[in-house]
Amino acid sequence: VEPATQPSHVVNLSNLIQRVVTFNYSVVKIGERARGQMLSASEASWLKQAFCEEAEELVDATALVDQVDACGDAIIFAIGGMARMGLTPLDIDRVLHAIMDANFEKKAGVKPGREGAPDAVKPEGWVGPEERIRGILNV
């Protein structure tokens with residue numbers, strides 16, 4: 001989406017990314033990380049469990065506030081997971097933009113197996129964000 005066409009509620013999330021990374025280093029105490037390292041098996045398992053707990057909270061929610069909280073916590077866990085991989089806030093921002101750029105190349109449609117809501121569908125020739133992410137991380 002071009003800046004001129006963005007809705008007025010679109011904001012810069014870089015400050016949020018910085019806050020989540022700072023939280024992971026100063027409160028969670030994840031320790032120094034080499035840039036661009038994979039999560040250990042135990043960290044990946046822990047992160048999966050955190051995502052699953054938030055997904056359950058979303059499904060079990062009986063109020064809008066609870067659904068919003070579950071979605072927000074999932075975002076924070078995702079950013080924290082990337083911090084645990086040694087990504088800087090700038091790396092995370094660039095990676096998320098690369099993923100969104102690829103998503104904007106999708107088309108509106110319905111995905112088989114997810115017919116319950118409108119979705120984004122990969123058109124023929126669609127290229128995922130992996131190469132862009134490799135370039136950002138120099139891996």
Side-chain angles (χ1 to χ4, degrees):
V1 174
E2 296 299 319
T5 63
Q6 288 183 342
S8 61
H9 63 274
V10 173
V11 296
N12 182 338
L13 294 181
S14 294
N15 186 45
L16 172 64
I17 293 169
Q18 179 65 57
R19 292 183 72 206
V20 174
V21 171
T22 299
F23 174 82
N24 275 271
Y25 280 96
S26 65
V27 176
V28 178
K29 307 279 190 206
I30 63 172
E32 286 301 313
R33 300 292 169 123
R35 184 173 181 265
Q37 69 179 25
M38 287 186 58
L39 298 174
S40 68
S42 63
E43 286 176 315
S45 179
W46 175 88
L47 188 55
K48 175 186 174 186
Q49 183 169 349
F51 287 146
C52 289
E53 287 173 10
E54 296 308 326
E56 285 297 319
E57 286 182 23
L58 176 67
V59 170
D60 295 342
T62 58
L64 172 65
V65 169
D66 298 328
Q67 286 185 332
V68 169
D69 179 62
C71 289
D73 283 343
I75 292 166
I76 290 169
F77 278 121
I79 293 169
M82 287 187 269
R84 289 167 185 257
M85 294 174 206
L87 276 65
T88 66
L90 183 57
D91 291 334
I92 295 168
D93 186 70
R94 288 178 175 163
V95 164
L96 293 175
H97 279 286
I99 293 167
M100 282 311 307
D101 289 347
N103 284 339
F104 271 115
E105 294 165 4
K106 295 178 181 179
K107 305 296 179 200
V110 177
K111 282 187 129 170
R114 295 198 316 212
E115 291 86 0
D119 209 337
V121 179
K122 300 171 185 174
E124 189 173 327
W126 182 83
V127 178
E130 293 81 5
E131 278 305 311
R132 296 174 226 194
I133 293 169
R134 280 185 195 89
I136 293 164
L137 301 179
N138 299 314
V139 294

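Counting from 1, the numbers follow the sequence of the chain as shown.
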Can you pull the side chain to side chain donor-acceptor pair (under 3.5 Å) pairs that have at least one residue in residues 97-116, sequence neighbours excluded?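 Passing the test, one end in residues 97-116: Asn103-Lys106, Glu105-Arg132, Arg114-Asp119.
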Mind jotting down which residue pairs meet the side chain to side chain donor-acceptor pair (under 3.5 Å) criterion with at least one end in residues 64-81? Sequence neighbours excluded, please.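 Every pair satisfying side chain to side chain donor-acceptor pair (under 3.5 Å) with a residue in residues 64-81: there are none.
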Val68: hydrophobic cluster co-members (side-chain, 4.5 Å):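 When side chains under 4.5 Å apart are linked, the cluster holding Val68 also contains Leu64.
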From [atom1] ([X]) to [atom2] ([Y]), nearest 0.5 Å:
X	Y	atom1	atom2	result
Ile75	Leu16	CD1	CG	8.0 Å
Leu137	Thr88	CG	OG1	9.0 Å
Ile30	Phe23	CD1	CZ	10.5 Å

What is the minimum heavy-atom distance between [X] and [Y], and which atoms define it?
X	Y	answer
Ala70	Leu58	CB-N, 3.7 Å
Gly128	Ala102	C-CB, 4.3 Å
Ala98	Ile136	CB-CD1, 3.9 Å
Gly81	Leu39	O-CD2, 3.9 Å

Report the residues that fulfil side chain to side chain contact (heavy atoms under 4.5 Å, CB included) with Met82, sequence neighbours left out, ordered by chain and then residue number.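 Met82: side chain to side chain contact (heavy atoms under 4.5 Å, CB included) contacts with Leu87, Ile92, Val95, Leu96.
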Val139 reachable from Ile99 in the ILVMFWY side-chain graph, under 4.5 Å edges: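 Both belong to a single hydrophobic cluster.
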May I have all residue pairs that pass ring pair (Phe, Tyr, Trp, His ring centres under 6.0 Å) and include part of residues 31-82, sequence neighbours excluded?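 The answer is Trp46-Phe77.
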Of all pairs that satisfy ring pair (Phe, Tyr, Trp, His ring centres under 6.0 Å), the ones with a partner from residues 117-139, not counting sequence neighbours: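 Sorted pair list comes back empty.
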Per the salt bridge (Lys or Arg N to Asp or Glu O under 4.0 Å) rule, what does the pair list look like for residues 33-42, sequence neighbours excluded?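 Residue pairs with at least one partner in residues 33-42: Arg33-Glu43, Arg35-Asp91.
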Go through the structure and list residues passing side-chain hydrogen bond (donor to acceptor under 3.5 Å, both in side chains) with [X], not counting sequence neighbours.
X	value
Glu53	Gln49
Ser42	Ser40
Asn24	none
Thr22	Gln18

Could you list the residues that satisfy salt bridge (Lys or Arg N to Asp or Glu O under 4.0 Å) with Glu56, not counting sequence neighbours?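 So Glu56 forms no salt bridge (Lys or Arg N to Asp or Glu O under 4.0 Å) with any residue.
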Start with the C-alpha distance between Arg84 and Val28, add both sets of side-chain angles, then the distance that settles side-chain contact (heavy atoms from CB on, under 4.5 Å), and finish with yes or no. CA-CA 11 Å; Arg84 289 167 185 257; Val28 178; 3.4 Å; yes
